[in-house]
Amino acid sequence: GTSCTLLGTQPLGALGTVIGGPTYVDHFNWWNINYDSGVDGWSVENYLVKVSGSVSLSASPTTIAPDGDVTASWDAVQNPTVTDWIGSYIPSAPSDASNLKNWTYTSSCTQVAGTVAKPNGSCTFSMPTIIGTYELRLFPNDLYSPRLATSPAITVQSSPPPPVAPPPPPSFDFSLG
């Protein structure tokens, strides 16, 4: 309720998932929110907006050699801007400049913003040279919050074994005549 200790705040536009509620206290409906970044907790319904549809972000392939390329694909960005961007991070790292491994604008697939905002699309994305597990994160408008979407884990490992060669084609004896 309003007489409880304030543990933190969220910026305007922060995204999260409802994990509990509603609970009616002090003349307000409160919802327990697991925010995508920052402090989680109870928020007053009057300040929440239900977001229809969910933004998605994927990467292919999900296992890659160091400095290899993945295709990052996103979909369903509401109100996209030319400065929406995708960055690569270690999964447990905070979303900030010091933990950013690589990035690109979704409007141009480069580090220079394009002229057309894209609610969906795909870009080739270079992964780090250091072996480990990473994820891609999609952010709006040159900001680090809110995080719009996160890809499944991408494993950067030493060169994968070569593919198994297919068996030779069958041979046939024949004669013309």
Side-chain angles (χ1 to χ4, degrees), residues 8-20 31-41 43 47-160 163:
T9 61
Q10 287 288 335
L12 185 64
L15 297 176
T17 303
V18 173
I19 58 173
W31 294 88
N32 193 0
I33 309 292
N34 178 2
Y35 286 98
D36 292 351
S37 62
V39 178
D40 297 332
S43 298
Y47 298 98
L48 301 175
V49 175
K50 183 177 180 181
V51 178
S52 62
S54 60
V55 179
S56 65
L57 178 62
S58 63
S60 180
T62 55
T63 301
I64 192 86
D67 202 31
D69 290 339
V70 297
T71 299
S73 300
W74 66 96
D75 190 38
V77 174
Q78 302 293 319
N79 303 312
T81 71
V82 295
T83 54
D84 293 349
W85 62 282
I86 296 171
S88 60
Y89 288 88
I90 293 172
S92 61
S95 297
D96 58 29
S98 66
N99 290 296
L100 181 62
K101 303 301 179 190
N102 190 13
W103 67 277
T104 191
Y105 285 118
T106 59
S107 61
S108 64
C109 297
T110 71
Q111 291 183 348
V112 176
T115 57
V116 177
K118 297 181 180 179
N120 54 59
S122 62
C123 291
T124 300
F125 197 91
S126 294
M127 294 304 295
T129 58
I130 299 171
I131 292 172
T133 301
Y134 299 89
E135 65 188 14
L136 301 181
R137 299 175 188 173
L138 174 60
F139 298 97
N141 205 22
D142 269 339
L143 300 172
Y144 287 96
S145 180
R147 184 187 314 179
L148 300 179
T150 304
S151 75
I154 303 162
T155 303
V156 174
Q157 65 183 27
S158 55
S159 297

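Atom CH2 of W74 and atom CG of L148 lie 12.0 Å apart (nearest 0.5 Å).
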Go through the steps to decide whether T115 and V82 satisfy the test side chain to side chain contact (heavy atoms under 4.5 Å, CB included), and finish with yes or no.
CA-CA 6 Å; T115 57; V82 295; 5.5 Å; no
Begin from the C-alpha positions of S43 and Y35 and carry the test side chain to side chain contact (heavy atoms under 4.5 Å, CB included) through to its verdict.
CA-CA 10 Å; S43 298; Y35 286 98; 2.7 Å; yes
For the pair S58 and S73, evaluate side chain to side chain contact (heavy atoms under 4.5 Å, CB included) and give the outcome as yes or no after the intermediate values.
CA-CA 5 Å; S58 63; S73 300; 3.7 Å; yes
Would you list the atom pairs, donor with acceptor, under 3.5 Å between side chains in residues 129-145 and any protein atom, with sequence neighbours excluded?
unit_1	atom_1	unit_2	atom_2	d
Y134	OH	I130	O	2.8
E135	OE2	R137	NE	2.8
E135	OE2	R137	NH2	2.9
R137	NH1	A93	O	2.9
R137	NH1	S95	OG	2.8
R137	NH2	I90	O	3.2
R137	NH2	P91	O	3.1
R137	NH2	A93	O	2.9
N141	OD1	T83	OG1	2.8
D142	OD1	Y105	OH	2.8
D142	OD2	Y105	OH	3.3

Can you give each donor-acceptor pair under 3.5 Å made by side-chain atoms of residues 118-127, sequence neighbours left out, with the distance rounded to 0.1 Å?
unit_1	atom_1	unit_2	atom_2	d
S126	OG	D69	OD1	3.0

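Smallest separation of non-hydrogen atoms from G87 and L100: CA-CD1, 3.7 Å. A76 approaches S54 most closely through the heavy-atom pair CB-O, 3.6 Å. Pairing each heavy atom of A153 with each of T62, the nearest pair is O-CB, 3.7 Å. Considering every non-hydrogen atom in both S56 and A149, the closest pair reads C-CB, 4.1 Å.
When side chains are defined from C-beta on, L57 counts as touching I86, because their heavy atoms get closer than 4.5 Å. Between D84 and V77 there is a side-chain heavy-atom pair separated by less than 4.5 Å. Residues Q111 and N102 are in side-chain contact: their nearest non-hydrogen atoms beyond the backbone lie under 4.5 Å apart.
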